[in-house]
Amino acid sequence: MELPNMLGSRDPLFLTGVTFPPEYPASPETLVKLTVYDVRDKARDNSSFLGSATFSVSELLRSKDDQLTLNLRSSDGVLAVGTVLVSRVNMGEMEEGDMDHITADVQQAQKCTLVCESSQGTPNDKDNSPLTGAVFKNPVCKVYKFQTVDCKWMLVREQMEECTLSFSIPRQLLHLYIQEDMRRIQELRDLGELSPHWDNLRKEVIGRYGQVIAAYQETLAELNKITGPSFKPSCSKAQRYLEFIPINLHTQRMRVMCPRQTDAFYDVITVGAPAAHFQGFKGGGLQRLLSRHEAEKKSFSTAYQCIYYSPEHTAKAQEVLHSVGHLQPLISGLADQLLQAAQQHSMAGLREALKTLAGKTEQFVHALKDELVKSALLALHAAQPGYVTKNQNQTLPGHQGHSHQDHPSPSQRGQQGQSPPQNPGHSPGQPSATDSPVVVCNNVDGGSQTAPIREDGQTPLKRQDSIPCHKEYDEEEWDRVWADVAKSLNCVIAMVDKLQEQEPINNNQEQPIPKQVLADVITSHNPEGDWREQLCPLVVRLKECVAEVVVRARRAMTFVLLQEAACSIPQGLFLKQRRDVVFSQALAALACGFVMRLYAGMEDKGFLRQLHLVGLVAQFESLLSTYSEEIGMLEDMEVGISDLHRVAFKITQAKTDDPCDLQPVVIGRRDHYTVEVPLPRLAFQTLPHEIKEGKALQVYPVLFNVGINEQQTIADRFGDISLQERINQRNFEILDSYYKSLSDKVPSECLPCFQTQTDLKDLLGTLGQNVVTKKRKNVEILWLAGTICRRLNGIRFTSCKSAKDRTSMSVTLEQCALLRDEHQLNKDYFTRALDCMRSRLTQGEVVCQWDSDPEAACSVAENKPASRHFYPIALLLVSSHLLVVWLILSLVFLLAKYQ
């Protein structure tokens, strides 16, 4: 194998490790040949042979102090041109004494050294346990040794892995998207017969939903065909079938082992900015597009003769649909449990089942106690054929003939009852009666023929057999139906109380008699009869009342969503698809980070307590600029990260220990998702009781962005950075609110301890000052936010456009800062450690493996550091005047070159 040298170094050290792939495992008889070249220009393959050395694995295993000193021999094997020191390092088994004798014996060189590199990890490595192997794949490991301030040596291990959730989470989301949209189509069809105007809108909306479903099914089918790496490289970010997959999603863990200190772990997830790269950013990102669309929806609602529903009303409608769909089967199941307890004559079981049933029924009634449901029922009734206003019965005798038109004008539609009878600008939650005395009836078939004239000269209203033409809407009907649920529950409660009175009183204490005697309770029941027979009619009545309310509420809320979709065609569904894409990428990254943090904290009781009492903070560090298309990426990312507030996590017990059964599962719908993380039985049993009972675990995502490249310099000088400022200020408020909640519920002992003793409150205060300070490229915001996140046991994410250059620079800088601040890295080693971690000599081959992007491959081939990509004119950007000079000179150079 070839061992590349550090360019410009006269005393090179061994900076590349030996990797034994699994298909060619190492054995004691394995021979390793080391060849050293003097590389003058690797891009032009200009190098000269210096020498080589050969050794066997058995020699290294038998060597004293696990070290071999080999002489480099010339090609003829006669001359010794140098020496090579080969060291064997057992990660995870090193004691303090072993750490003390690891020194730079090669000419006492004070340099940073990569002592080991592996693509498979080590057998004794706790980072590669079967638990992590189910989700994290293909580890790439490097081990460094650095000197501390007390002249000791620390071992630093970097391990990067792919995550299977990069593809599994988007696949599950696509499946859920398809199911939800298919349910929406069925709900629209269940609205029944509508007037021609509304029926045409419904058909158009169903057609649009069908197009979305077909596109999602095609994408899902293509994703199911993909095999190979568990990540999407940056060169594939604009591929249509991969638009739901996050870019370059990887986990990176730095493990530090120092003398007389406990091993420390520092995790970070690197991922490309969650954004709709395939759809492009010509019109901006989600934040701008949604704001523009919301402003235009009012004009659309007028054109389509719809009621304008605000995003809050639409969200409320979705919440009601979710609540009734979730609570109805629960109430039905609890009612059956109540009857089963009655059949067994178990008063304790009867009381327990009744208590749970009453709680769920009260929750059900409360969910429907909203004026939006009532007003939506009125609007739905107005959209049905045969609808008449309440005043029609009073004005009908004197009403003259009114002809129906097939395509009435918008003004005529407003008079013909095609839109719900509400005043312009009136809130949907506050219905008002129309003041117009005109009485009309929706035409059933939309025909334009004039009705025959009766003998008295009046034109009769057209009728339909199934729907009476003079059907009047009773606004109090919903209140009665809704109240019947509570009355039925009270009947069940009263009957259980009477059954309890029949039980023998063992403690000679009289049972309290309910003060409220309901008139609806059956008073003629047989005291000696079976409990089930006495309860069954009341329970059946309760279930019937709940079912009737569900049908009415579901149709009313579906009609609200129909109007919202009709006003949004086609832009609204396009934005929904874009939002689905961005959310899929963001959720895959969040699920990866949560699982990684959970696995690392399984033995930390303080962390588990914080997890179920408050939840975790997930801090996304973005390095996008506020210039050109990256503005659109940042706007997409802002909405995607904000949508993660609708996600909760739940830890379950896996059916088996098979890796397939340890994959997280996503359930729910667009307004709320739950990610279930299964754990093996033994690991699950060690969790707190609240988590094992299935408590929803909350995650609080926050986003901080500071652009750092040359495009951000242009934006700072000549552009607009208000988007970045607003994002940082808003997310600081979320982070501050989380800290206050954490301080109230979790003692400080549950939080991790660090060498730097700065108070968290002081750090938050400094961060708050920085987010409102007008300062260019204020990277202090990112430093403070990252520090606070680690101090809060949070999850760290770092991203840029493709999670390559800027991301790697940020991660390596943070790692070296942690070594300096927390592990006493010698200050003389900081820059050297940074250069060692960033060197293409130690990262180039792995970069090619992680990302097949031609730009990255070219970077490795030229054997240059990654920083050349994003700081090509760093010195010139110091001054805007120098920037102008540089642009002019570059233009002159290009003209001269291509003339």
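Here the structure is a predicted model, which means the values were calculated and not measured.
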Rounded to the nearest 0.5 Å, how far does [atom2] of [Y] lie from [atom1] of [X]?
X      : Y      : atom1 : atom2 : result
Leu634 : Leu286 : CG    : CG    : 11.5 Å
Leu290 : Glu635 : CG    : CD    : 10.0 Å
Lys605 : Thr686 : NZ    : OG1   : 5.5 Å

In terms of the angle between their ring planes, are Phe797 and Phe620 parallel, tilted or perpendicular, with boundaries placed at 30° and 60°?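 Answer is parallel, since the angle falls under 30°.
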
Inset, instruction - On the 0 to 90° scale, with breaks at 30° and 60°, tag the His250-Phe231 ring pair as parallel, tilted or perpendicular. - result: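 Tilted: the ring planes of His250 and Phe231 meet at 30° to 60°.
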
Inset, instruction - In sequence, state the C-alpha distance, the side-chain angles, and the governing distance for Thr798 and Ile269, and then conclude on side chain to side chain contact (heavy atoms under 4.5 Å, CB included). - result: CA-CA 6 Å; Thr798 300; Ile269 294 88; over 6 Å; no

Does atom [atom1] of [X] have more than 12 heavy-atom neighbours, drawn from other residues, nucleotides or ligands, at distances under 6.0 Å?
X      : atom1 : value
Gln685 : CD    : yes
Met182 : CE    : no
Arg681 : CZ    : no
His175 : NE2   : no

task = Would you indicate whether the side-chain heavy atoms of Gln663 and Leu165 approach each other to under 4.5 Å?
result = yes

Does some side-chain heavy atom of Pro752 sit less than 4.5 Å from a side-chain heavy atom of Phe607?
no

Salt bridge (Lys or Arg N to Asp or Glu O under 4.0 Å) assessment of Asp267 paired with Arg255
CA-CA 9 Å; Asp267 296 337; Arg255 179 182 176 187; over 6 Å; no

Subject >> Basic-acidic side-chain contact under 4.0 Å: Asp744, Lys740 >> reply: no

Exercise. If you measure from the Lys or Arg side-chain nitrogens to the Asp or Glu carboxylate oxygens, is any gap between Arg184 and Glu187 under 4.0 Å?
Worked result: yes

For residues [X] and [Y], report the shortest heavy-atom separation together with the two atoms involved.
X      : Y      : result
Val699 : Leu590 : CG1-CD1, 3.7 Å
Ala556 : Ala376 : O-CB, 3.6 Å
Ala586 : Pro274 : N-CB, 4.1 Å
Cys545 : Ser488 : SG-OG, 3.4 Å
Val485 : Leu542 : O-CD1, 3.7 Å
Leu662 : Leu679 : CD2-C, 4.0 Å

Between [X] (side chain only) and [Y] (backbone N and O only), is there a donor and an acceptor less than 3.5 Å apart?
X      : Y      : result
Asn728 : Phe704 : no
Ser743 : Tyr739 : yes
Thr766 : Asp762 : yes
Asn731 : Leu703 : yes
Gln585 : Glu243 : yes
Gln287 : Val639 : no
Ser230 : Cys163 : no
Gln172 : Val666 : yes
Ser584 : Phe244 : yes
Thr361 : Ala358 : no

Hey, mind stepping through Glu814 and Arg790 against salt bridge (Lys or Arg N to Asp or Glu O under 4.0 Å) and telling me if it holds? CA-CA 12 Å; Glu814 180 184 18; Arg790 294 195 185 279; 3.1 Å; yes

Under 3.5 Å, which donor-acceptor pairs link side chains of residues 609-616 to any protein atom two or more places apart or in another chain?
unit_1, atom_1, unit_2, atom_2, d
Gln610, OE1, Asn793, ND2, 3.2
Gln610, NE2, Tyr738, OH, 2.9
Gln610, NE2, Leu792, O, 2.9

message: Does Val135 form a side chain to side chain contact (heavy atoms under 4.5 Å, CB included) with Tyr599? I'd like the steps, not just the answer.
response: CA-CA 11 Å; Val135 179; Tyr599 289 173; 3.8 Å; yes

Quiz item: Among pairs that include at least one residue of residues 168-180, which meet salt bridge (charged side-chain N to carboxylate O under 4.0 Å, His left out), considering only residues two or more places apart or in two chains?
Solution: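 Those involving residues 168-180 are Glu180-Arg670.
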
*asked:* For a side chain to side chain contact (heavy atoms under 4.5 Å, CB included) check, start with the C-alpha distance between Ile185 and Ile213, then their side-chain angles and the critical distance, and finish with the verdict.
replied: CA-CA 10 Å; Ile185 290 177; Ile213 291 174; 3.7 Å; yes

Margin query: Could you walk me through whether Tyr216 and Asp181 satisfy the side-chain hydrogen bond (donor to acceptor under 3.5 Å, both in side chains) test, starting with their C-alpha distance in whole Å, then the side-chain angles of each, then the deciding distance to 0.1 Å, before giving a yes or no?
Written below: CA-CA 10 Å; Tyr216 284 3; Asp181 289 344; 5.9 Å; no

Report task. Evaluate side chain to side chain contact (heavy atoms under 4.5 Å, CB included) for Thr270 paired with Asn248, printing each intermediate quantity in order. Result -> CA-CA 7 Å; Thr270 58; Asn248 277 334; over 6 Å; no

Cut-off 3.5 Å, no hydrogens considered: what does the side-chain donor-acceptor table look like for residues 315-342, sequence neighbours left out?
unit_1, atom_1, unit_2, atom_2, d
Ser323, OG, Glu319, O, 2.9
Asp336, OD1, Lys543, NZ, 3.1

Looking only at the side chains, is there a donor atom on one of Glu362 and His366 sitting less than 3.5 Å from an acceptor on the other?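 No, His366 and Glu362 have no side-chain donor paired with an acceptor closer than 3.5 Å.
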
(message) Ring of Tyr266, cation from Arg796 - is the NZ or CZ under 6.0 Å from the centre and inside 45° of the axis?
(response)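 Judged by the rule, Arg796 and Tyr266 form no cation-pi pair.
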
